Amino acid sequence: MRNPSLKYSLIADAYEKIEDTTKRLEMTDHLVKLLKDTPKDVIDKVVYLTQGKLYPDFVGIEIGIAEKLAIRAVARATGYREKEIEEDLRKTGDLGETAQKFSEKRTQVSFFPKPLTVERVYETLDKMAKSTGAGSVDLKLSFLAGLLSDASPKEAKYIIRTVTGSLRLGIADMTVLDALAIAFGGGKETREYLERAYNISSDLGRVTKTVAEKGIESIKRFVVSLGEPIRPMLAERLGSPAEILEKLGGKCIAEYKYDGERIQTHKKGDQITLFSRRLEDITKQYPDGGELIRKHVKAKEAIIEAECVAVDPDTGEMKPFQELMHRRRKYGVKKAMEEYPVSLFMFDALYVDGKDLTLEPYPVRRQHLEKIIEQTDHVKVAEYIITDDPEELERFFEKAVENGCEGLVCKSVNEDSVYQAGARGWLWIKYKRDYKSEMTDTVDLVVVGAFHGRGKRAGTYGALLLAAYDPDEDVFKTVTKCGTGFTDEDLKKLPKMMEKYRIPHRHPRVISTIEADVWFEPIVVIEAIGAEITLSPIHTCAMDIIRKDSGLAIRFPRFTGNYRLDKSA
DNA sequence: TCTGGCTGCCC
DNA sequence: ATTCTGC
DNA sequence: GCAGAATGGGCAGCCAGA
C-alpha cells in the first residue's frame with residue numbers, strides 16, 4: 001500500500017487560481033479540483049487549513065501567532081530585518097505577499113529542500129499551537145521560520161496567510177460546502193445535506209472526510225448530539241417595525257435583545273456543557289450558569305439557547321456588557337461569580353429528551369422551551385410579545401431599551417421558521433436604535449490620524465483615528481478608530497484628501513495614547529455614529545471625568561458617509 | 001515581581 | 001459587532 | 001440576497017523583558 005501524500009505546492013497553486021478570480025463559480029471549480037486531487041486521509045486537514053484553522057472551533061487549540069509575531073518569523077527565515085518587513089507590509093497590505101517577495105530575494109537558500117507536504121505544514125503548525133510556557137514564543141517562531149525556509153515563495157505566502165488567519169481567497173465555509181457537493185456528493189443538489197451536517201456538527205473537516213470516504217448517504221446520517229455544538233442561527237437587521245413585519249409576513253414574535261453573551265447549553269443528565277457563539281467550550285467560566293441549567297431545566301436532556309447577562313447582586317438590575325466581560329476568565333472565577341452573578345434568558349430549544357427540534361417551526365420550539373424551564377429570579381424565558389401591529393412593536397422596543405436591552409429580535413412564526421444556522425432567509429431580524437441615524441445622535445469628529453489598510457484596503461487607509469474637540473483645554477481627544485461605513489470610492493479619495501494635512505508627528509494639540517501610522521493636523525471633520533458610549537482604558541476623551549483612568553469611547557463606530565467640510569476647524 | 005505587547009474572542 | 005461589494 | 005472581507009471597543013491570558 002502506498003501512502004499518498006499531498007504536496008503543499010498543489011494547495012498553493014489552487015489557492016492562487018482561486019484568488020485570481022472574483023467569480024464564485026470559478027473559485028468553486030478550483031476548489032473541487034483540489035479536493036478531488038487530495039488523498040482522503042489528509043482531506044480534513046486541507047479543509048481546516050483552508051478555513052484558516054487546525055481544528056474545529058470547539059476544540060479550542062489556536063496557533064497563537066498573528067501579524068506581529070509572523071513578521072518576526074519572516075525576518076528570521078529570510079535574513080532581513082523586521083523593519084524592512086514592516087516597511088514592505090505597509091505597501092502590500094498583506095504579510096503573505098511580503099513574505100513571498102522576501103523569500104524570492106533572500107540571501108541564504110536551503111540547497112535541496114524537500115518539497116513541503118500538507119502533513120509537514122499541518123504538523124508544524126500543530127506543534128506551534130501546542131507550544132506553551134517559557135521559551136514558547138521563540139519555539140513557535142523557529143517552527144514557522146523553518147517551514148518558511150523550506151517553502152517556495154508562493155508557499156510561504158499562503159503559509160503566512162494561514163497562520164495569521166487571513167487567507168483572503170474569497171472562499172469560506174459556504175463555498176467549501178458547494179465544492180464538496182460537486183466533488184463527492186454527486187452534484188450541487190446534495191449541498192443541502194452537507195450544509196445540514198455541517199450545521200449540526202460544526203466540524204467541516206469531519207463532514208469533508210465523511211463525504212469523501214463514505215459518500216453522501218453517511219452525511220445524511222449526521223444527527224444532533226448532546227455535547228456537539230450546533231452552529232448558531234443569526235439575525236438580519238432592519239430599521240423599522242413596518243419593514244420588519246412586512247419581511248416576516250405581517251406577524252412576528254418579538255423578543256428582548258439582551259446585552260450579554262450568547263450561550264448554547266447542553267444538558268445530559270447532570271452533565272452540562274456551555275458553548276459560546278463561536279462554539280468555544282466556556283463551561284468552566286460559568287459554573288453558576290451550569291448550575292442554573294442543571295436545576296431549572298426540567299428535562300433529562302436538552303440543548304437550549306440563552307443570553308447570559310450580568311446582574312447586580314443587590315438590585316437584580318441588568319449590567320452592561322462591559323461588566324459581564326469580567327466573567328470571561330480562567331482564574332478567579334469564584335470571586336467574579338460573586339461580583340458579577342448572571343441570569344439566563346432562554347430563547348430557543350433545539351433538542352429535548354431525544355427529540356431534535358431544529359427542523360420544527362419556532363413556535364413549536366418555544367412551546368417545548370417554556371414547558372421544560374422552571375422560571376426563577378435567574379432563569380427566565382426571554383421577554384416577548386406576538387404582534388402584527390407596528391405601533392405595538394415600537395412600544396415594546398421602547399420598553400426593551402428602557403429595561404437595559406439593546407433592542408428586539410423579531411422572529412418568524414411561520415411554518416418554515418426552522419432553526420437555520422447563519423443569517424439566511426430573514427427568519428430572525430434585529431431591531432436596534434442605532435440602525436436609524438434619526439433615532440441616535442450622530443457625532444461630528446475630527447480626523448487626527450490614520451492606519452494603513454490591509455488586503456483590499458492596501459494602499460489606502462484601513463481606519464481613521466477620530467477625536468472630539470475639548471473647548472476647555474483647546475485640544476482634541478480621541479474617542480474611537482473608525483474603519484467601516486466607507487465606500488470603495490471614499491477610501492480611494494481619502495489619502496489624497498488628507499494629504500495636505502499630513503504631518504510627520506502627532507499634532508501637539510492632539511491627545512492620544514494610540515500611535516497612528518499617519519498623523520494629521522486636526523482640521524477635517526466627518527460624521528460618525530455608534531450604538532453607545534463605553535468607558536475606555538485607552539481613549540482620552542473625558543479622561544478621569546467619569547472615572548479615574550477611564551476615558552470615553554464609541555461602541556460599534558461607523559462612518560455615516562457625511563463629510564463635514566463646512567465644519568472643519 | 002511587575003508591566004506592556006500581543007493574541008484571541010466576546011460584542 | 002457594522003458595512004460594503006461582486007455575483 | 002448571499003457570501004466574503006474589510007473594519008470597530010475592550011476584556012483576560014500568556015509570555016518576554018525590564
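Here is how names work: the chains are called A, B, and so on, in the same order as the sequence lines, proteins then strands, and each is numbered from 1. None of the values given here were measured: they were computed from a predicted structure.
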Expected output: side-chain A:T190 to main-chain A:G187 donor-acceptor under 3.5 Å = yes
Backbone N/O of A:I554 and side chain of A:T534: donor-acceptor pair under 3.5 Å = no
Just to confirm, is there a sub-4.0 Å distance from OP1 or OP2 of [N] to any side-chain nitrogen or oxygen of [X]?
{"X": "A:Y331", "N": "D:dG13", "answer": "no"}
{"X": "A:T132", "N": "D:dC14", "answer": "no"}
{"X": "A:K330", "N": "D:dC11", "answer": "no"}
{"X": "A:R558", "N": "C:dT3", "answer": "yes"}
{"X": "A:Q322", "N": "D:dC11", "answer": "yes"}
{"X": "A:T534", "N": "D:dG10", "answer": "yes"}
{"X": "A:R237", "N": "C:dT3", "answer": "yes"}
{"X": "A:S536", "N": "D:dG9", "answer": "no"}

Which atom of A:I61 lies closest to which atom of A:A129, heavy atoms considered | CG2-CB, 3.6 Å
Have [X] and [Y] got a donor and an acceptor in their side chains that come within less than 3.5 Å?
{"X": "A:T442", "Y": "A:T560", "result": "no"}
{"X": "A:D490", "Y": "A:T487", "result": "yes"}
{"X": "A:R231", "Y": "A:S201", "result": "no"}

Residues 421-430 of chain A side chain polar contacts: donor-acceptor under 3.5 Å, at least two apart:
unit_1: A:R424; atom_1: NH1; unit_2: A:E195; atom_2: OE1; d: 3.1
unit_1: A:R424; atom_1: NH1; unit_2: A:E195; atom_2: OE2; d: 2.2

Quick one: label [X] by what it contacts on the DNA or RNA (base, sugar-phosphate, nothing), any heavy atom closer than 4.0 Å.
{"X": "A:F559", "value": "nothing"}
{"X": "A:L535", "value": "sugar-phosphate"}
{"X": "A:G422", "value": "nothing"}
{"X": "A:A531", "value": "nothing"}
{"X": "A:K140", "value": "nothing"}

Comparing A:S136 with A:P537, nearest DNA chain D nucleotide closer to 5' gives the residue A:P537
Assign each of A:G551 and A:S131 to its nearest nucleotide of DNA chain D by heavy atoms, then name whichever residue's nucleotide is nearer the 5' end.
-> A:G551
Among residues 48-71 of chain A, which residues get a heavy atom nearer than 4.0 Å to DNA chain B?
-> A:E62, A:G64, A:I65, A:A66, A:E67, A:K68, A:L69
For [X] and [N], give me the distance from atom [atom1] to atom [atom2], rounded to whole Å.
{"X": "A:H326", "N": "B:dC11", "atom1": "NE2", "atom2": "P", "result": "16 Å"}
{"X": "A:D178", "N": "C:dC7", "atom1": "CG", "atom2": "P", "result": "16 Å"}
{"X": "A:R329", "N": "D:dG10", "atom1": "CZ", "atom2": "C1'", "result": "14 Å"}
{"X": "A:L238", "N": "C:dT3", "atom1": "CG", "atom2": "P", "result": "12 Å"}
{"X": "A:E323", "N": "B:dC10", "atom1": "CD", "atom2": "C1'", "result": "15 Å"}
{"X": "A:L25", "N": "C:dG6", "atom1": "CG", "atom2": "C1'", "result": "12 Å"}
{"X": "A:K430", "N": "C:dA1", "atom1": "NZ", "atom2": "C1'", "result": "7 Å"}
{"X": "A:D549", "N": "B:dT3", "atom1": "CG", "atom2": "P", "result": "13 Å"}

Nucleotides 2-8 of chain D: protein proximity per nucleotide (B base, S sugar-phosphate only, - neither; heavy atom, under 4.0 Å) | SSBBSSB
Between C:dT2, C:dC4, D:dG13, which nucleotide gets closest to the side-chain atoms of A:T487?
-> C:dC4
Please determine, for the side chain of A:F321, which listed nucleotide (C:dG6, D:dC11, B:dC11) has the closest atom?
-> B:dC11
Pairing of A:E67 and A:R454 as salt bridge, 4.0 angstrom limit = yes
Which of these passes ring pair (Phe, Tyr, Trp, His ring centres under 6.0 Å) with A:F486: A:Y563, A:Y461, A:F559?
-> A:F559
Is the NZ or CZ atom of A:K319 positioned over A:Y340's six-membered ring, under 6.0 angstrom from the centre and within 45° of the axis?
-> no
C1'-based separation of B:dG8 from C:dA1 [nearest Å] = 15 Å
Is there a side-chain contact between A:Y55 and A:E62, using heavy atoms and a 4.5 Å cut-off?
-> no
